[in-house]
Amino acid sequence: MPNLNANSIVVLDFETTGLSPQQGDRAIEIGAVKICDGVVVDSFQELMNPGRPISTFIAEYTGITNAMLRTAAPCAEVMARFADFIGDDNLLAHNASFDKKFLDAEFARIDHNYAGEFACTLLTSRRIYQDAPNHKLGTLVNYKNLAEDGAFHRALFDAQMTTKLWLVMLDDMRNTYQLNNIEFSLIKQLAKTSKANTSRFLSNYQ
DNA sequence: TGCCAGGCCCTCTTTAGGGCCTT
């Protein structure tokens, strides 16, 4: 299992036409940050044309307009570039199940497979920050005083905020539970551990 | 016609229901 400290991770966020690729929804923007040993080393952001107009709700929610998408490259072209960007890196997102299903759907359209596994800041934060008001990305950014200028619901900014949250969560886990080496396997196991057992699990983790 | 996402996770649970989170 890859070691998160020793390998680069790509933190990604999609803006989309809706909630479900199974219902025909498409990606309209991908933003991502590559981190290596806790340091941001690269980033990626592109709008992509889904081939049809987006709803008023999505335009207002994201600030992305049909005019902006009309001149954007097609999804297939952008996703091919994004495939090169992520390579075989492990992946991270806030509510990763959402971004994974869009990544899988868009990659399936260009017949591309990827090797990385997903970790999720939402699932991790529900265990690490049990006293947070809720576990929305914006709330957690404020909860940990990570706020900076930018627009939530744009892909790169959300990926940047998810990156900050991730790095703070790793620090908090290291400091609270004296963990020197946080591996991918720990994050996976943590996501399957109940909230009530989280403290015991991390305290006993070797 | 009526439906319309889905995975996670808690609890007044497991023969289920409903809230959270993402766009």
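All values derive from a computational prediction rather than experimental measurement. Protein chains get the first letters and strands the later ones, always in sequence-line order, with residue 1 at the start of each. Excluded from the calculations below are hydrogen atoms, water molecules and symmetry mates; all remaining heavy atoms, backbone and side chain alike, are included.
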> So what does A/Ile28 touch, heavy atoms closer than 4.0 Å: a base, only the sugar-phosphate, or nothing?
Replying inline: nothing
> Taking atom C1' of B/dC21 as reference, at what distance in whole Å does atom CE of A/Met161 sit?
Replying inline: 19 Å
>> Judged by each residue's nearest nucleotide on DNA chain B, which is more toward the 5′ side, A/Gly138 or A/Gln23?
In response: A/Gln23
> What integer number of Å spans the C1' atoms of B/dT1 and B/dA16?
Replying inline: 27 Å
> B/dT13 and B/dG19: how far apart are their C1' atoms, nearest whole angstrom?
Replying inline: 15 Å
>> Using heavy-atom distances to pick each residue's nearest nucleotide on DNA chain B, tell me which of A/Glu15 and A/Lys192 is more 5'.
In response: A/Lys192
>> Between P on B/dC9 and CZ on A/Arg127, what's the gap in Å once rounded to a whole number?
In response: 4 Å
> Whole Å only: how far is the NZ atom of A/Lys101 from the P atom of B/dT23?
Replying inline: 11 Å
> For the pair made of CZ in A/Phe98 and C1' in B/dG6, what is the distance, rounded to whole Å?
Replying inline: 11 Å
> Which whole-number value in Å describes the distance from A/Leu123 CG to B/dG6 P?
Replying inline: 18 Å
> What interatomic distance, in whole Å, is found between C1' of B/dG18 and the corresponding atom of B/dC12?
Replying inline: 12 Å
>> Using a heavy-atom cut-off of 4.0 Å across all strands, would you classify A/Ile58 as base, sugar-phosphate, or nothing?
In response: base
> So what does A/Phe14 hit on the nucleic acid, given a heavy-atom distance under 4.0 Å: a base, only sugar-phosphate, or nothing?
Replying inline: sugar-phosphate
> Between A/Glu15 and A/Arg154, is the closest basic N to carboxylate O distance under 4.0 Å?
Replying inline: no
> B/dT23, B/dC8, B/dC4: which one has an atom nearest the side-chain heavy atoms of A/Arg126?
Replying inline: B/dC8
>> Give me the distance, rounded to whole Å, that separates B/dT23 from B/dA5 when you measure between the C1' atoms they each carry.
In response: 11 Å
>> Given B/dG7, B/dT23, B/dT22, identify the nucleotide with an atom nearest to the side chain of A/Ser97.
In response: B/dG7
> Touch check for A/Asn134, heavy atoms < 4.0 angstrom, all strands: base, sugar-phosphate only, or nothing?
Replying inline: sugar-phosphate
> Within this structure, what is the CE-to-P distance between A/Met48 and B/dT23, rounded to whole angstrom?
Replying inline: 14 Å
> Say you pick atom C1' in B/dT15 and the same atom in B/dC20; how far apart are they, in whole Å?
Replying inline: 25 Å
> Does B/dC21 have OP1 or OP2 sitting under 4.0 Å from an N or O in the side chain of A/His94?
Replying inline: no
> Does the side chain of A/Asn134 come under 3.5 Å of the side chain of A/Thr139 through a donor N or O and an acceptor N or O?
Replying inline: yes
>> What is the separation between atom CG on A/Asp99 and atom P on B/dT23, rounded to the nearest whole Å?
In response: 7 Å
> Between A/Phe107 and A/His112, what is the ring plane arrangement, given parallel below 30°, perpendicular above 60°, and tilted in between?
Replying inline: perpendicular
> Which nucleotide, B/dT22, B/dT23, B/dG6, lies nearest any side-chain atom of A/Gln22?
Replying inline: B/dG6
> Which is it for A/Arg174 and A/Asp171 under the salt bridge (Lys or Arg N to Asp or Glu O under 4.0 Å) test, yes or no, and what are the steps along the way?
Replying inline: CA-CA 5 Å; A/Arg174 287 190 192 100; A/Asp171 273 346; 3.0 Å; yes
> If the C1' atom of B/dG2 is compared with that of B/dG7, how far apart are they to the nearest Å?
Replying inline: 25 Å
> Nearest-Å distance, OH (A/Tyr129) to P (B/dC20)?
Replying inline: 21 Å
> With a non-hydrogen cut-off below 4.0 angstrom, is A/Ala191 in contact with a base, only sugar-phosphate, or nothing?
Replying inline: sugar-phosphate
> What pairs with A/Asp172 under salt bridge (charged side-chain N to carboxylate O under 4.0 Å, His left out), at least two apart in sequence or on another chain?
Replying inline: A/Lys144
>> Please verify the inter-ring angle class for A/Phe85 with A/Phe82; under 30° counts as parallel, over 60° as perpendicular, anything in between as tilted.
In response: parallel
